[in-house]
Amino acid sequence: MSRLNNNSLSQLPKDVALPKYDRAHLVPGIVHLGIGAFHRAHQAFYTEAVLNQFGGDWGIIGSSLRSPSVRDQLVPQDCLYTLVERSGDGEKLQIIGAVTDTLVGPENPAALVATMAQPNIKIVSLTVTEKGYCHDPASGNLNENHPDIIHDLQHLDKPVSAIGFIVAALKQRFENNQKAFTVLSCDNLPNNGEVLEKVVLQFAQKISPAFAGWIKSNATFPSTMIDRIVPATTDDDRRDIEARLSINGEPVRDEGMVVCEPFSQWVVEDKFADGRPAWEKVGVLLVDDVRVFEKIKLRLLNGAHSTMAYTGYLSGFQYISEVMEQPAFVNLVKTYMAREAGETISAPAGFAIEAYKQQLRDRFSNKALKHRTWQIAMDGSQKLPQRLLETLREQLAGNGNIDILCLGVAAWIRYVSGVDEQGNAIEVSDPLAKELRAACDANQGNPAGMVKAVVGIQKVFGSDLINEARFVATTTQWLERFYSKGVFNSIKDAFQ
């Protein structure tokens with residue numbers, strides 16, 4: 001079996017879309033930290049569209065900050081990969097060629113820093129998930145006690161965190177009297193550019209106030225809103241497209257392929273230090289203020305997604321589309337969008353908010369996407385503050401509805417207890433998993449104590465929510481129902 005590569009491009013089936021530019025002469029202008037499936041299906045997808053239509057020196061050098069797995073997938077196939085858009089109408093295949101190389105930070109940190117510091121690199125973007133910012137989600141400040149930050153402050157010549165790599169590369173630019181680059185966050189954080197700038201400046205301040213001042217004056221940190229459902233790629237996915245890519249009857253293997261839905265959206269604050277691709281010509285919305293768009297998306301899509309993930313997983317559903325086959329869960333999502341989340345958002349002029357809500361429900365129901373509830377449930381301690389808790393605070397301040405927000409928090413607490421309703425262990429992937437499990441274990445059989453112990457963790461809930469009696473009481477009531485009736489029956493009783 002052959003492998004996807006430059007030599008095989010011209011022989012692929014005619015229904016597979018190919019790069020329309022000369023990859024051999026593509027100059028990199030972007031370094032991306034965290035080249036996982038989402039980046040390959042989203043930012044690289046838009047950059048590919050620019051290259052296809054307008055060309056330019058906007059190749060992407062990807063980097064992994066933890067595992068060499070993506071490098072091992074991409075480099076042997078000349079960094080080409082297939083983007084597979086799946087819907088009820090079938091599949092659309094496109095070969096993406098925008099990625100020119102993939103580095104692995106831990107293998108050679110100095111090489112990645114030097115690459116980021118090259119003058120031709122205009123943008124350093126990142127998708128490292130919420131936990132990759134090494135910050136306190138409740139306050140937004142740099143977590144100076146984070147092991148990676150402690151290491152990087154002492155060994156900036158060989159950083160391990162995304163923040164350390166960014167600061168180290170900017171430091172080389174500063175010392176060489178070169179232009180700063182744009183630092184472009186593409187993670188699901190409110191005001192993600194502001195959050196990133198804050199932690200970078202706090203880190204840089206500890207190195208040199210003059211250096212921190214240079215960053216503030218020269219680098220830019222645009223905020224963005226990103227949206228596309230991208231499930232984790234499986235071996236079945238890879239096998240499924242081997243025949244679609246076959247050459248003269250011989251299957252072609254693509255280890256780096258990614259699967260996504262047809263829908264995609266990217267809203268970017270137009271604030272760049274040294275140029276950017278013409279993304280606005282290929283569907284990206286360049287704006288002065290991203291906040292209204294990110295608030296709508298975080299609260300309607302991400303808030304619903306997390307609530308469905310925890311309740312769905314605990315109810316025995318592997319995929320989000322299975323959750324949406326249950327009338328009670330559909331009603332839960334509709335009520336949440338209309339009430340808890342809907343009451344806290346205002347749509348910009350011309351934005352059809354009700355049509356957007358229906359579109360989200362249709363996207364959740366896409367059976368062609370095998371989006372696992374467990375995948376969405378990862379890193380809840382980093383996600384809940386922006387997906388549910390900020391909405392909760394607004395509703396508490398205005399004496400609004402909080403019932404489903406509390407349901408979502410209770411389902412998360414039940415999930416991070418680490419044992420499902422059948423007594424089986426839950427593989428909880430979360431940077432605070434041990435602390436959360438300990439809080440739950442210390443209060444087994446006592447839902448009220450469990451809620452107070454978990455909500456008392458200030459890194460997630462701040463210092464205020466433990467004192468909100470209505471929130472604590474409602475969350476406790478839901479957790480008590482989950483333990484007495486089960487999550488699925490509790491949802492059916494409330495929303496059928």
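Side chains included, hydrogens not; waters and symmetry mates left out as well; all remaining heavy atoms used. For the single chain, residues carry numbers from 1 onward in sequence order.
A 4.5 Å side-chain heavy-atom check between I207 and V167 finds at least one atom pair inside the cut-off. The shortest distance between side-chain heavy atoms of I226 and F38 falls below 4.5 Å. K122 has its side chain out of reach of K179: every pair of non-hydrogen atoms, C-beta onward, lies at least 4.5 Å apart. Residues F221 and V195 form no side-chain contact, since every pair of their non-hydrogen atoms from C-beta on lies 4.5 Å or further apart. L300 places a side-chain heavy atom less than 4.5 Å from the side chain of L360. Two residues are said to be in side-chain contact when any heavy atoms from C-beta on lie closer than 4.5 Å; S161 and Y133 fail this criterion. Residues I426 and V416 have side chains not in contact (no heavy-atom distance under 4.5 Å, counting atoms from C-beta outward). Taking the side chain as every heavy atom from C-beta outward, D187 and E130 never approach each other to under 4.5 Å.
Counting heavy atoms of neighbouring residues, nucleotides and ligands inside a 6.0 Å radius, atom NZ of K271 exceeds 12 of them. Remark: R339 CZ is packed, more than 12 non-hydrogen atoms of other residues, nucleotides or ligands lying under 6.0 Å away. Within 6.0 Å of the NZ atom in K198, the count of heavy atoms belonging to other residues, nucleotides or ligands exceeds 12. Counting non-hydrogen atoms of neighbouring residues, nucleotides and ligands closer than 6.0 angstrom, the CG atom of N467 exceeds 12 such neighbours.
Nearest heavy atoms, G418 versus V428: CA-CG2, 4.2 Å. The nearest pair of heavy atoms linking L156 to A168 is O-CB, 3.7 Å. Taking both residues in full, the closest heavy atoms of F364 and A304 are given as CE1-CB, 4.1 Å, listed atom of the first, atom of the second, then distance. Of all heavy-atom pairs spanning M324 and R361, the tightest one is CE-O, 3.8 Å. Shortest non-hydrogen contact noted between D101 and C79 is CA-SG, 3.6 Å.
The existence of a salt bridge linking E294 and K297 is excluded, since no basic side-chain nitrogen approaches an acidic carboxylate oxygen closer than 4.0 Å. With respect to D379 and K131, a salt bridge is recorded, a charged nitrogen being found less than 4.0 Å from a carboxylate O. Comment: D270 engages R276 in a salt bridge, judged by a side-chain N to carboxylate O separation of less than 4.0 angstrom. Checked for salt-bridge contact, R393 and D464 meet the test: a charged N lies under 4.0 Å from a carboxylate O. For the pair E261 and R228, the salt-bridge criterion is not met [side-chain N within less than 4.0 Å of a carboxylate O]. The pair K171-E175 meets the salt-bridge criterion, with a side-chain N (NZ, NE, NH1 or NH2) lying under 4.0 Å from an Asp/Glu carboxylate O.
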Set out, in order, the CA-CA distance, both residues' side-chain angles and the distance that settles side-chain hydrogen bond (donor to acceptor under 3.5 Å, both in side chains) for T391 and T344, then state yes or no. CA-CA 7 Å; T391 310; T344 67; 4.6 Å; no
Does M450 form a side chain to side chain contact (heavy atoms under 4.5 Å, CB included) with I413? I'd like the steps, not just the answer. CA-CA 8 Å; M450 194 179 293; I413 294 173; 3.8 Å; yes
For side chain to side chain contact (heavy atoms under 4.5 Å, CB included), just list the numbers for F263 and D362, CA-CA rounded to whole Å, side-chain angles, deciding distance to a tenth of an Å, and then say yes or no. CA-CA 11 Å; F263 178 89; D362 292 342; over 6 Å; no
What verdict does the side chain to side chain contact (heavy atoms under 4.5 Å, CB included) test give for N120 and D57, after you've listed the backbone C-alpha separation in whole Å, the side-chain angles of each residue and the deciding distance to 0.1 Å? CA-CA 9 Å; N120 57 292; D57 296 334; over 6 Å; no
Go through it in stages, so that I can follow the logic: the residues are R66 and D148, the test is salt bridge (charged side-chain N to carboxylate O under 4.0 Å, His left out), and I'd like the CA-CA distance, side-chain angles, deciding distance and then a yes or no. CA-CA 12 Å; R66 292 287 182 259; D148 290 354; 2.8 Å; yes
Side chain to side chain contact (heavy atoms under 4.5 Å, CB included) between I30 and I61, intermediate numbers included: CA-CA 6 Å; I30 301 170; I61 296 176; over 6 Å; no
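Taking CD of E144 as the reference point, atom CG of L153 lies at 7.5 Å (rounded to 0.5 Å). Rounding to the nearest 0.5 angstrom, the gap separating the CG atom in L196 from the NE2 atom in H135 is 10.0 Å. With rounding to the nearest 0.5 angstrom, the OG1 atom of T129 is 7.5 Å from the CD atom of Q382. The CG atom of L189 sits 5.0 Å away from atom CD of Q386, with the distance rounded to the nearest 0.5 Å. From L103, atom CG reaches atom OG of S64 across 9.0 Å, with rounding to the nearest 0.5 Å. Taking CZ from R387 and OG from S306, the interatomic distance works out to 4.0 Å, rounded to the nearest 0.5 Å.
Taking the six-membered ring where the residue is Trp, H371 and H305 present perpendicular rings, their angle passing 60° and hence far from 30°. Relative orientation of the F293 and F351 rings is perpendicular, given thresholds of 30° and 60° on the angle between their planes. Between W266 and Y46, the ring planes lie tilted relative to each other; the angle falls in the 30° to 60° range.
Within the cation-pi definition used here (under 6.0 Å to the ring centroid, within 45° of the axis), K370 qualifies as a partner of Y319.
In this structure, the side chain of K383 engages the main chain of M378 through a donor-acceptor pair within 3.5 Å. A donor-acceptor pair under 3.5 Å links the side-chain atoms of N108 to the main chain of A111, judged by distance alone. In this structure a side-chain-to-backbone donor-acceptor pair under 3.5 Å is missing from E269 to P222.
Remark: of the listed residues V183, N192, I35, L184, V183 is the sole one forming a side chain to side chain contact (heavy atoms under 4.5 Å, CB included) with L126. For the side chain to side chain contact (heavy atoms under 4.5 Å, CB included) with C260, the qualifying choice from L369, T233, V230 is V230, the only one to do so. Screening E340, E390, E394 for a salt bridge (charged side-chain N to carboxylate O under 4.0 Å, His left out) involving R299 leaves a single residue, E394.
In this structure, Y313 has its ring center no closer than 6.0 Å to that of W374.
For the residue pair T47 / W279, a side-chain donor-acceptor distance below 3.5 Å is found, with atom types taken as modelled.
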